[in-house]
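For the numbers below, each heavy atom of this structure counts, side chains included, while hydrogens, waters and symmetry mates do not. Given the structure is predicted, the values throughout are model-derived calculations rather than measurements.
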Amino acid sequence: MAPKKDDYSFFANVFEVVKLIPPGRVTSYGAVAAYLGSKGSARMVGWALISSHEQNKNVPAHRVVNRTGLLTGKQHYTSPTAMQESLEKEGIRVENDQVVDFKQLFWDPAKELL
DNA sequence: ATCCTGACTTGAC
DNA sequence: GGTCAAGCCAGGA
């Protein structure tokens with residue numbers, strides 16, 4: 001949901017947005033960060049996702065990739081192929097750790113969610 | 001308190 | 001289309 005105030009931590013905000021990502025779609029860290037208002041804090045989005053792994057949050061982190069569509073976070077998964085398989089499972093084609101038609105599958109919270 | 005690292009992004013060459 | 005360097009914020013040592 002739209003951040004009403006900064007009462008919630010940056011992480012909680014990331015979780016909300018990521019959980020709102022529709023299936024078969026992907027987004028970038030910068031897009032989420034920009035939606036949160038911290039455009040330059042794209043790294044924090046990834047950091048928040050790490051925390052999400054520790055917690056039992058139902059955050060589809062596999063739907064979040066870097067700007068080039070590269071599965072940068074796959075190495076942080078339990079298995080280096082878990083992320084790619086999860087994406088393919090939703091119908092997203094992944095090739096060489098990169099999302100095919102990433103631009104087409106890109107989901108911008110600032111525009112789509114609005 | 002400083003220094004380093006990191007699931008990133010952008011601009012410049 | 002590549003690579004290099006700088007900026008960015010949070011957390012751990």
Side-chain angles (χ1 to χ4, degrees):
Chain A
M1 297 296 267
K4 294 161 189 166
K5 265 197 165 182
D6 294 278
D7 286 353
Y8 293 93
S9 301
F10 198 92
F11 301 166
N13 220 328
V14 175
F15 301 149
E16 292 284 312
V17 178
V18 175
K19 282 191 290 187
L20 288 173
I21 300 176
R25 286 291 187 94
V26 290
T27 189
S28 62
Y29 304 90
V32 178
Y35 178 71
L36 299 179
S38 302
K39 184 181 178 186
S41 54
R43 290 181 142 162
M44 301 305 91
V45 178
W47 204 264
L49 260 43
I50 295 177
S51 294
S52 80
H53 252 280
E54 296 253 329
Q55 304 175 29
N56 280 338
K57 302 284 186 182
N58 297 324
V59 180
H62 58 270
R63 293 185 190 151
V64 185
V65 294
N66 68 343
R67 189 181 93 61
T68 62
L70 184 69
L71 307 185
T72 48
K74 73 171 204 147
Q75 60 181 340
H76 284 261
Y77 271 74
T78 56
S79 202
T81 54
M83 189 173 186
Q84 178 173 341
E85 287 187 23
S86 296
L87 289 170
E88 292 181 324
K89 198 173 184 180
E90 297 189 350
I92 301 176
R93 293 179 297 173
V94 179
E95 189 172 302
N96 193 6
D97 298 341
Q98 264 187 182
V99 178
V100 182
D101 297 331
F102 166 70
K103 185 181 177 184
Q104 184 178 350
L105 297 172
F106 185 76
W107 179 82
D108 190 349
K111 294 179 181 178
E112 305 297 321
L113 184 61
L114 187 53

**Request:** Check every strand shown and say whether A:His62 touches a base, only sugar-phosphate, or nothing at a heavy-atom separation below 4.0 Å.
**Result:** nothing
**Complete:** Scanning all shown strands, the Watson-Crick or wobble mate of C:dA13 with both distances under 3.5 Å is B:dT2
**Request:** Using a cut-off of 6.0 Å, state whether more than 12 heavy atoms not belonging to A:Arg67 lie near its atom CZ.
**Result:** no
**Asked** Between A:Arg63 (side chain) and A:Ile21 (backbone), is there a donor-acceptor pair under 3.5 Å?
**Response** yes
**Request:** Please tell me which of the listed nucleotides, B:dT9, B:dA7, B:dG6, lies nearest to the side chain of A:Trp47?
**Result:** B:dG6
**Request:** Can you figure out which of B:dT9, B:dG6, B:dA7 approaches the side chain of A:Thr72 most closely?
**Result:** B:dA7
**Message:** What's A:Ala48 touching, base or sugar-phosphate or nothing? Going by heavy atoms closer than 4.0 Å.
**Reply:** nothing
**Message:** Would the distance check show the side chain of A:Asn66 and the main-chain N or O of A:Gly69 forming a donor-acceptor pair, the cut-off being under 3.5 Å?
**Reply:** yes
**Asked** Can you check whether A:Glu112's main-chain N or O pairs, donor with acceptor, with A:Asp108's side chain at less than 3.5 Å?
**Response** no
**Asked** In whole Å, what is the span from the NE2 atom of A:His76 to the P atom of B:dT5?
**Response** 15 Å
**Item:** Path from A:Leu36 to A:Trp107 over hydrophobic side-chain contacts below 4.5 Å
**Value:** yes
**Asked** Quick one: A:Tyr29 OH to B:dT9 P, roughly how many Å, whole number?
**Response** 8 Å
**Item:** A:Tyr77 side chain, from C-beta outward: closest of B:dA7, B:dT9, C:dG11
**Value:** B:dA7
**Message:** Whole angstroms only, please: what is the OH-P distance between A:Tyr35 and B:dT9?
**Reply:** 19 Å
**Complete:** By nearest-nucleotide position on DNA chain B, the 5'-leaning member of A:Gly30 and A:Met44 is A:Met44
**Request:** Indicate yes or no for a side-chain donor-acceptor contact from A:Asn96 to the backbone of A:Gln98 under 3.5 Å, with no hydrogens or angles considered.
**Result:** no
**Message:** Would you say NZ of A:Lys19 has more than 12 non-hydrogen atoms from neighbouring residues, nucleotides or ligands within 6.0 angstrom?
**Reply:** yes
**Asked** If you check the A:Phe11 side chain, which of B:dT9, C:dA10, B:dA7 turns out closest?
**Response** C:dA10
**Message:** Would the distance check show the side chain of A:Ser28 and the main-chain N or O of A:Val65 forming a donor-acceptor pair, the cut-off being under 3.5 Å?
**Reply:** no
**Message:** Distance alone, cut at 3.5 Å: any donor-acceptor contact between the side chains of A:Glu90 and A:His62?
**Reply:** yes
Dump every N/O contact between nucleotides 1-5 of chain C and the protein below 3.5 Å, one line per pair.
none

**Prompt:** Which whole-number value in Å describes the distance from A:Leu71 CG to B:dA7 C1'?
**Reply:** 11 Å
Give me, pair by pair, the N or O atoms of the protein and of nucleotides 10-13 of chain B that are less than 3.5 Å apart, along with how far apart they are.
{"unit_1": "B:dT10", "atom_1": "OP2", "unit_2": "A:Arg67", "atom_2": "NE", "d": "3.0"}

**Asked** Nearest to the side chain of A:Ser28 - C:dG11, B:dA7, B:dT9?
**Response** B:dT9
**Message:** Could you tell me how far apart A:Gln55 (CD) and B:dA7 (C1') are, to the nearest whole angstrom?
**Reply:** 16 Å
